[in-house]
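Below, chain A is the first sequence line, B the second, and so on; all start at residue 1.
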Amino acid sequence: MNERFDEPSDETLGRRLAGELPRHPAPARLRVAIVEATPRPRRAAWLTPLVTAAATVMVLALVALPVIPRIAPADPVDRYVRAVVSEHARTLMWGARHGEVLPAALPWLTEQSGIGLSQVFVGDDRLTFVSAEPVYLERQRGVAIHYRDEDGHMVTYVALPGAGVTVPDRARVQVDRYRPALVRDSGFAAWVWKYGDVACFLVSDMVSADDVERFKEYFVRVRTNTEPVPAY
Amino acid sequence: MADADFQRQALAHLDALYNFAMYLSKRPADAEDLVQETYLRAFRFSHRFQPGTHLRAWLFQILRNTFLTFYRVREREAPIAEDGVPEWDAPMFHDAPDDDGTAMDAHTDLERAMRRLPEEFRTVLLLAEVEGLPLEEVARVMACPVGTVKSRIFRAKERLRALLRDYDTK
């Protein structure tokens, strides 16, 4: 008989290893040593007064908050972006005030907002139109149009009279053939650009690197197909 | 810092870890140090453990990495073949010399043969065949592709068979 036939097959060898190889149980002292060497969470003696003091400061701050003057950004663009982001966040939380369907609502929207839309992006397979409504931001009447993408991201377009608004060069990004500014505020991203004397904003919570790439596509769709004009 | 529940779950694998440490370091004192260091690291970095993944494999991985860091680094590395395992004629790893009187005694040919295998072969057989870890987990412990694990198991068994054959003829 060939000698190779006496040798264990892979499976047999595996079974021998599992069944015959001596196991070495851990000595009892090792478990004790590990448990004793493990640092236990211990509250430092100085922690209690520190926590108490911090809590007191927080309560006082909350009480004083209404009388502390609000710090508003000096840059008009930052102020506009903050207002637009607040409007976007309000819509996210409580929905649009009006659920009008474009273009039926356009005359009413123009009348209420002071912004006419000679052309408007009404959505496509990626961005679905949700609603359009007049807004009042930074003491200006304007128009807001809300969209939602297939992943559930809310995207808000806002147009406001913006004769005195200058798009910051430092934040400009080349997107397709446009150079809008990308401004971030409170965890939201906003494209800022001018269309004549109208300041335009497109806001979303798409802030990660991948999301911004998609947000660029949304900007191009809205930018290419929306033409706001002052109607006052 | 690890919470009590995590510590309890981790300590349930103490015997398996100690057994693995014994076959890696070959000396009870080193095995105890190795296991103790493994648990200290596991508790310190418990926040990095992803719940739902294999805790035992994670602990084996820490233990092996600790072994490689603190024990094997002292020794001169042997020439490495394509799959990361020393060639047959290369000197065995001197992870812990077993002829200085403190090494564990081998009672069977199988155990003796296992002790003579290079660390990569010993580890792959211990994890896959003795501890029954899935190949994907073994690959994670050894930080190599599953294909490499399969190849190492095959070669480890070949070499184990050759060693057993030597013992038979003697």
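The environment of A:K194 atom NZ is dense: over 12 non-hydrogen atoms of other residues, nucleotides or ligands sit within 6.0 angstrom. More than 12 heavy atoms of other residues, nucleotides or ligands shown are found within 6.0 angstrom of OH on A:Y195. Around atom CD of A:Q174, more than 12 heavy atoms belonging to other residues, nucleotides or ligands sit under 6.0 Å away.
Using a 4.5 Å heavy-atom threshold, the side chains of B:V130 and A:R23 count as touching. For the pair A:R16 and B:L110, the minimum side-chain heavy-atom distance is below 4.5 Å.
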ask   = Can you list the steps and then say if B:M114 with A:L17 is a side chain to side chain contact (heavy atoms under 4.5 Å, CB included)?
value = CA-CA 9 Å; B:M114 274 294 279; A:L17 283 166; 3.9 Å; yes

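For chain A, no part of B:A128 is nearby; none of its heavy atoms comes within less than 4.5 Å. Only the side chain of A:R29 comes within contact range of chain B, with heavy atoms under 4.5 Å apart. Looking at B:L164, only its side chain comes within 4.5 Å of chain A, counting heavy atoms on both sides. Interface remark: B:L126 contributes side-chain atoms only to the contact with chain A (heavy atom separation under 4.5 Å).
Among all heavy-atom pairs drawn from B:T108 and A:P22, the shortest one is OG1-CD, 4.2 Å. Residues B:E32 and A:P27 approach most closely at OE2-CG, 3.5 Å, considering heavy atoms. The two residues A:A26 and B:L14 make their nearest non-hydrogen contact at CB-CG, 3.7 Å. Minimum heavy-atom separation, B:Q36 to A:A37: NE2-CB, 3.9 Å.
A distance of 4.5 Å separates CG of A:D10 from CZ of B:R161, quoted to the nearest 0.5 Å. Taken to the nearest 0.5 Å, the CD1 atom of A:I34 stands 10.5 Å off from the CD atom of B:Q7. Rounding to the nearest 0.5 angstrom, the gap separating the CD atom in A:E20 from the CG atom in B:D109 is 10.5 Å. Atom CG of B:L11 sits about 9.0 Å away from atom CG of A:L30, to the nearest 0.5 Å. The line from CG of B:N19 to CG of A:L21 is 7.0 Å long, rounded to the nearest 0.5 Å.
Heavy-atom pairs under 4.5 Å with chain B were tallied for A:G19, A:A18, A:P25; the largest tally goes to A:P25.
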